[in-house]
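Beneath this line is the structure, given in structure tokens, with notes to follow.
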Amino acid sequence: MYFLPHDPKFHFLDQPELLTAAVAPAAEKTPAAAWLARLELPTWGLIALIYGGWLATVLHWRELGPWLGTPLLIALSAWYMSLQHELIHGHPTRHAGFNALFGQLPLAVWYPYAVYRDSHLAHHRDEKILTLPGADPETYYVSLESGNPLGRALRRFRNTSGGRLLAGPALAWSQTVSTAWRQRNRKTIVTWSWHLALLAALLVFLHGAGISPWFYLFAVAYPALSLTMVRSFYEHRAVEATQGRSVINEAAWPWRLLFLNLNYHLVHHLHPGLPWFHLRQAYLAERETYLERSDGFVERGYLPLLWRHRSTPVIADIHPFA
């Protein structure tokens, strides 16, 4: 039985057992199977594949050339951001500091790992805050009609698929940097200084391999962030029922692999400690129950969704009940 009551206290590291032990079939609940499950070998394999693939692509850049090397680096950098999400939620170990070691390198450039971690865990703090402006740091809604006409038009454009992919990364990054500038406390300064130092070292390494830093920033890292925004384009909606606020997207396997099954977003929000390689298992085991609890918030793939909202905003700008 995979479907469990939502436990808002369960996130990642503070539980005595991983959720996988609670949802695994009875035949697998032997001590050896439980120990093997806790090893999270698929996540270790993912870490090796992403880092190894990225490094191999960079080191063989001159042989591959930009026409093959660029899409590989874009895909690997976007995949790396999905991996960072897993690390935040307590995988592959229960030790946050150790997991963070695998998310520090700025392969995806734009955000320090600690900034993403803190923001994302605030997003998971309470299901009742999902989509609420001022409470949910990942919302695309605003509480009141604000700003000049240009700002309102820009927000409307951002909520179309073209706007999210073209302007979304720049708007999200500028907002994050603006927030950091307003804070300017010791933690923020240390976090961003460490990130920029690592980024400088990374760009020097790339330059030595024949990849221009500017090319990596704008031909690799920016499209990679755009690619990740396909997942978040319509991940949450503002409705009264909290479990109807997170989507179930029955996407094709390339998207599922790239996003590590976060297309089953309702399942993730109900069980945020469940590792990526069990999300689809859990969903399929109780598909009808999850569909019922989603309150109709179901999509049948990302490309139809993007096409449907190529010029029409996917959400209203103003939150309906904030």
Side-chain angles (χ1 to χ4, degrees), residues 1-47 49 79 82-83 85-94 120 123-124 126-127 130 230-232 234-237 239 241-305:
M1 181 73 169
Y2 273 84
F3 194 84
L4 301 175
H6 170 61
D7 179 1
K9 299 186 294 299
F10 185 88
H11 277 284
F12 37 94
L13 303 170
D14 56 350
Q15 303 299 311
E17 295 293 336
L18 289 175
L19 187 55
T20 50
V23 300
E28 296 178 4
K29 289 185 179 179
T30 64
W35 177 80
L36 188 62
R38 283 196 294 271
L39 285 180
E40 293 209 25
L41 295 180
T43 304
W44 286 111
L46 185 70
I47 291 170
L49 185 58
W79 212 10
S82 296
L83 171 63
H85 176 270
E86 283 296 298
L87 299 170
I88 287 169
H89 281 286
H91 311 290
T93 78
R94 301 179 189 180
H120 189 68
H123 170 71
H124 275 278
D126 185 347
E127 294 297 288
L130 284 179
V230 171
R231 172 179 64 81
S232 62
Y234 195 31
E235 207 165 55
H236 296 287
R237 64 176 182 176
V239 294
T242 55
Q243 289 175 7
R245 298 181 190 181
S246 299
V247 74
I248 292 172
N249 192 317
E250 295 184 324
W253 73 263
W255 294 111
R256 297 198 305 266
L257 185 60
L258 178 65
F259 299 146
L260 300 183
N261 289 322
L262 283 177
N263 51 293
Y264 305 115
H265 211 63
L266 173 61
V267 184
H268 170 62
H269 268 266
L270 288 170
H271 315 302
L274 197 63
W276 66 275
F277 51 89
H278 278 166
L279 279 173
R280 177 169 167 80
Q281 242 182 318
Y283 173 66
L284 293 179
E286 295 289 339
R287 179 176 179 271
E288 295 306 317
T289 306
Y290 282 116
L291 290 176
E292 182 180 350
R293 296 190 70 173
S294 73
D295 199 24
F297 193 15
V298 180
E299 293 290 336
R300 307 297 181 186
Y302 288 106
L303 295 182
L305 172 66

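All figures in this text were calculated on a predicted structure; none of them were measured in a lab.
Atoms OG and CG, on Ser294 and Leu270 in that order, are 10.5 Å from each other to the nearest 0.5 Å. How far CZ of Phe259 is from CG of Leu279: 14.0 Å, rounded to the nearest 0.5 Å. Atom OH of residue Tyr290 and atom CG of residue Leu284 lie 10.5 Å apart, to the nearest 0.5 angstrom. In this structure, the separation between CD on Glu86 and CG on Asn261 is 9.0 Å, given to the nearest 0.5 Å. Atom CZ of Arg245 is separated from atom NE2 of His265 by 13.5 Å, given to the nearest 0.5 angstrom. In this structure, Leu260 CG and His89 NE2 are separated by 11.5 Å, a value rounded to the nearest 0.5 Å.
No donor-acceptor distance shorter than 3.5 angstrom exists from the side chain of Trp255 to the backbone of Gly301, with no hydrogens or angles considered. Looking only at distances, a side-chain donor or acceptor of Trp79 sits under 3.5 Å from a matching main-chain atom of Leu257. Within the 3.5 Å criterion, the main-chain N or O of Asn263 finds no donor-acceptor partner in the side chain of Arg256.
Between His120 and His268, the ring planes are parallel. Angles under 30° get that label, and only those over 60° would be called perpendicular.
For the pair Leu274 and Ala282, the tightest heavy-atom approach, listed with the atom from each and the gap, is CD2-CB, 3.7 Å. A pairwise comparison of heavy atoms in Leu130 and Ser246 identifies CD1-OG, 3.7 Å as the closest pair. Annotation for Pro92 and Glu40: closest pair CA-OE1, 3.8 Å, computed over non-hydrogen atoms. Taking each heavy atom of Ala241 and Asp295 in turn, the nearest pair found is CB-OD2, 4.2 Å.
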Check: After noting the C-alpha distance and the side-chain angles of Leu305 and Arg300, does the key distance pass the side chain to side chain contact (heavy atoms under 4.5 Å, CB included) rule?
Finding: CA-CA 8 Å; Leu305 172 66; Arg300 307 297 181 186; over 6 Å; no
Checklist line | Trace of the side chain to side chain contact (heavy atoms under 4.5 Å, CB included) decision for Leu83 with Trp276 | finding: CA-CA 9 Å; Leu83 171 63; Trp276 66 275; over 6 Å; no
Margin query: Evaluate Tyr302 against Arg231 for side chain to side chain contact (heavy atoms under 4.5 Å, CB included), listing each step before the verdict.
Written below: CA-CA 8 Å; Tyr302 288 106; Arg231 172 179 64 81; 4.0 Å; yes
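Under the 4.0 Å criterion applied to side-chain N and carboxylate O atoms, Glu286 and Arg293 are not assigned as salt-bridge partners.
The shortest side-chain heavy-atom distance between Leu266 and Phe297 does not fall under the 4.5 Å cut-off. When side chains are defined from C-beta on, His269 counts as touching His123, because their heavy atoms get closer than 4.5 Å. Contact check for Tyr234 versus Glu299: side-chain heavy atoms found under the 4.5 Å cut-off.
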